[in-house]
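One structure below.
These numbers were taken from a predicted model, which means no experiment stands behind them. Labels below follow one simple rule: chain letters A, B, ... track the order of the sequence lines, proteins then strands, and each chain is numbered from 1.
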Amino acid sequence: MDILEDLNPPQREAVTHVEGPLLILAGPGSGKTRVIAHRIAYLVDTAGVAPWRIVSVTFTNKAAREMKQRVVAHLGGVASDLVLGTFHSICARLLRVEGERVGLPRAFNIYDDADQMALLKRAAADLGIDTKRFKERSLLSGISRAKSELLTAYDCARASHDYFSELVARTFERYQELLKENEALDFDDLIMRTVEMLRDHAEIREKYQERFLHVLVDEFQDTNIAQYQLARMFAAKHGNICVVGDPDQSIYSWRSADIRNILNFERDFPQARIVLLEQNYRSTQTILDAAHAVISGSKERKQKSLWTDQGPGEPIVTYEAYDEEEEAGFVANEILSLLKGGHDYGDIAVMYRTNAQSRAIEEALIAANIRYQLVGGTRFYERREVKDLLAYLRLVHSPFDAVSFTRVVNVPGRGVGAKTLADLERWARKMNVPVYTALQVLAGQETGRASVGTRAERHPVGARQARSLIGFLRMLDELIDVAAKNNLSTLLDGVLERTAYRRYLYEEFEEDEADERWANIQELQNVAAGYDGLAPGDALVAFLEDVALISDADTIAEGESDHGGRVTLITLHSAKGLEYPVVFMTAMEEGILPHMRSFDEPAQMEEERRLCYVGMTRAKERLYLLRAFRRYMMGASQHAPPSRFLRDIPPELLVQRSAVSDEAEAVQRGPQRFREAFRRGADGPPAERDEGGFRAGDKVRHPSFGDGVVVSCTPTGGDFEVTVAFKGGAGIKKLMLSFAPLEHA
DNA sequence: ATACACGCGCTTTTT
DNA sequence: GCGCGTGTAT
């Protein structure tokens with residue numbers, strides 16, 4: 001079979017082991033996606049398995065798409081019969097098909113994080129919870145964690161052991177009621193309800209268990225208990241379950257991913273074949289050695305090696321910048337010379353621990369005129385204008401969706417304020433009907449003439465407000481009508497037209513901001529147009545579902561080597577599964593990587609280590625490990641010592657880069673020396689060495705910004721803020737200098 | 001009902 | 001340094 005030819009022996013074993021459970025432990029860059037794709041092709045071509053009897057679960061939609069492409073390359077069109085997607089998308093599909101039989105509304109909406117928060121706030125408010133003391137976010141994550149272990153609100157209540165967990169249980173119960181009222185499922189529900197459905201309904205369970213001859217799970221180390229349970233249920237009849245993962249790349253425990261699943265797998269399937277993929281086809285030996293040195297610092301880890309026959313390649317470049325601005329400047333400069341050296345924009349990624357760090361990098365890249373794409377941050381589908389329009393579409397799909405209703409009932413403004421809305425909601429609750437129904441009743445009362453008593457006795461809303469509300473209801477009904485008869489583009493046009501959304505944008509925002517937001521809406525129209533081939537009802541369902549389950553990482557442009565490439569700015573988490581010839585890891589500092597929130601939890605510290613490992617192993621040819629001497633965090637400038645992970649890397653693998661060696665060395669030695677270097681740098685006479693630091697007119701030289709003149713120096717707390725005008729393009733910079741001797745020296 | 005001003009707490013990571 | 005919620009003035 002020719003598909004086996006270009007595989008190494010363990011890969012070949014992983015592909016051809018057809019019968020029975022299989023655990024593939026695959027190091028980074030070991031070709032695991034290829035192995036899965038080949039395995040699917042092998043199952044179909046050689047083992048004669050019908051594609052529709054194979055279910056293959058990936059972590060992101062992008063991974064699913066990639067997988068599909070690869071399988072199509074082997075198998076052609078029949079690949080479209082595969083059940084291939086993320087846990088969430090596969091479950092959503094299953095629930096659409098079977099959900100009605102188990103009591104799910106036929107048109108449920110899927111709530112994303114923001115919707116969940118909105119709902120949770122209501123639940124907390126209903127219960128009178130002091131959200132100053134108990135954060136909505138932690139209540140929600142408590143609920144989420146419970147669901148990912150298949151626990152119900154009732155289970156939680158029984159297991160609650162302190163006040164907080166009791167509160168979580170109570171909030172959970174109310175939150176779940178609200179979801180039901182709104183005809184919505186959250187992310188965790190998608191999994192949990194599917195598991196419950198299969199558990200409680202024998203005929204549905206048997207149907208799928210009979211059907212799924214082979215189950216494949218990628219990124220197994222990132223699955224939670226519920227997902228593992230689901231995979232096991234899928235595979236229960238035929239027992240052909242193949243999971244692929246790498247414990248060293250487990251970085252999602254905060255999302256309830258349970259590293260124990262791998263151990264449990266070995267326990268649940270003692271006869272499972274285990275295959276280790278250790279040969280790396282991605283990185284140079286230098287990068288692998290450094291990454292290995294970092295991950296080896298982890299305790300309780302299965303010893304696993306990584307090797308390549310590629311040779312050592314370039315040393316890893318480290319650099320300590322003065323602050324994040326200079327760090328970003330270094331990145332930009334280095335990118336420019338890489339581009340000159342023949343690299344393409346698409347070859348390069350800049351990675352960071354937290355999204356907030358992207359700003360400094362972005363500014364530097366803009367200044368240097370370097371094209372980039374930002375992954376994460378304010379995502380397209382989280383933009384206000386996009387969410388508004390989606391809320392309209394969701395209302396059309398399911399008018400009982402109160403979260404969407406609340407969002408747009410007064411957007412654009414139509415004179416329905418918070419008070420009116422609250423009155424309406426209270427009234428609806430009194431009658432024990434959804435808000436939408438209450439609104440219909442209200443409309444009936446206002447239009448019908450046979451009214452008894454005063455208006456206030458019927459509904460609690462003022463006349464003007466009632467008119468606005470009825471207008472909104474009529475519009476919604478019209479749109480529902482439009483949706484039934486027309487394609488999705490027409491529906492979206494209808495929404496825009498009837499709401500005069502464009503006018504609203506230009507009234508609400510400055511012109512250029514309105515332009516930008518309108519462009520986003522046009523982009524949304526482009527996406528919607530892609531569904532115009534489907535029947536009206538199906539298109540809306542498919543569109544809303546795709547949008548709810550899509551993540552930003554799914555839209556990363558492929559690093560095509562044409563001239564349209566862009567430098568990628570991405571968090572370490574989102575970078576998992578990707579690879580780039582050149583990788584910059586920024587902010588290799590204590591407090592950032594590892595993050596300060598991990599300091600008191602050894603298990604979390606281990607996860608930070610794995611995160612660092614994941615980042616390093618994204619690099620194919622060149623790796624940069626950068627840090628800044630001080631960094632602005634939460635408004636204040638703070639000194640950050642180098643990351644402990646840097647210390648684990650053998651020095652012979654590293655080369656320290658500096659712009660001007662003397663000064664750069666001073667930077668590394670701390671502010672005292674740095675200041676001296678600063679003074680010494682220029683040709684003028686040294687300023688008086690009084691405690692005030694610099695004086696206006698002092699000539700200075702900075703390792704990155706070059707020569708400059710001090711404009712002012714003002715003491716702020718224990719520090720001095722020095723403003724320097726630099727010659728050439730660097731402009732005026734403010735630098736913070738500290739006189740306190742630092743542990744750094 | 002809306003518009004603006006002020007204070008507060010906080011930032012991990014995302015399907 | 002920013003977004004959010006609360007408070008006050010039109």
* To do: For residues Tyr175(A) and Phe172(A), establish whether the separation of their ring centroids is below 6.0 Å.
  => no
* Asked: Does the ring of Trp254(A) meet both stacking tests against the six-membered base ring of dT13(B): centre distance under 5.5 Å and plane angle under 30°?
  -> yes
* With sugar-phosphate meaning primed atoms plus P, OP1 and OP2, does Phe59(A) contact a base, only sugar-phosphate, or nothing at under 4.0 Å between heavy atoms? -> sugar-phosphate
* **Separation of atom CG in Asp113(A) from atom P in dT14(B), rounded to whole Å** => 11 Å
* To do: Would you tell me if any nitrogen or oxygen in the side chain of Ser89(A) comes within less than 4.0 Å of OP1 or OP2 on dT15(B)?
  => no
* **Nearest-angstrom distance from the residue atom CG of Asn410(A) to P of dA1(B)** => 8 Å
* Begin with the C-alpha distance, continue with both residues' side-chain angles, and end with the deciding distance and a verdict on ring pair (Phe, Tyr, Trp, His ring centres under 6.0 Å) for Phe220(A) and Tyr228(A). => CA-CA 8 Å; Phe220(A) 187 59; Tyr228(A) 176 45; 5.5 Å; yes
* Can you tell me the distance, in whole Å, between the OH atom of Tyr111(A) and the P atom of dT14(B)? => 23 Å
* Closest to side chain of Asn355(A), choosing from dT15(B), dT13(B), dT11(B) -> dT13(B)
* To do: Return yes when atom NZ of Lys419(A) has more than 12 non-hydrogen atoms of other residues, nucleotides or ligands closer than 6.0 Å, and no otherwise.
  => no
* Asked: Once you round it to whole Å, what is the distance between C1' of dT14(B) and CD of Glu219(A)?
  -> 14 Å
* **Selected nucleotide, minimal atom distance to Thr60(A) side chain, candidates dT15(B), dT11(B), dT14(B)** => dT15(B)
* Structure fact -> Side-chain contact check for Lys121(A): nearest option of dT13(B), dT14(B), dG5(C) is dG5(C)
* **Nucleotide of dA1(B), dT11(B), dT14(B) approaching Thr420(A) most closely (side-chain heavy atoms)** => dA1(B)
* Structure fact -> Among the nucleotides dT14(B), dT11(B), dA1(B), whichever has the atom closest to the side chain of Tyr252(A) is dT14(B)
* Atom pair distance, as rounded to whole Å: CD in Gln357(A) and P in dC2(C) -> 16 Å
* N/O (side chain, Arg359(A)) to phosphate O (OP1/OP2, dC2(C)) under 4.0 Å -> yes
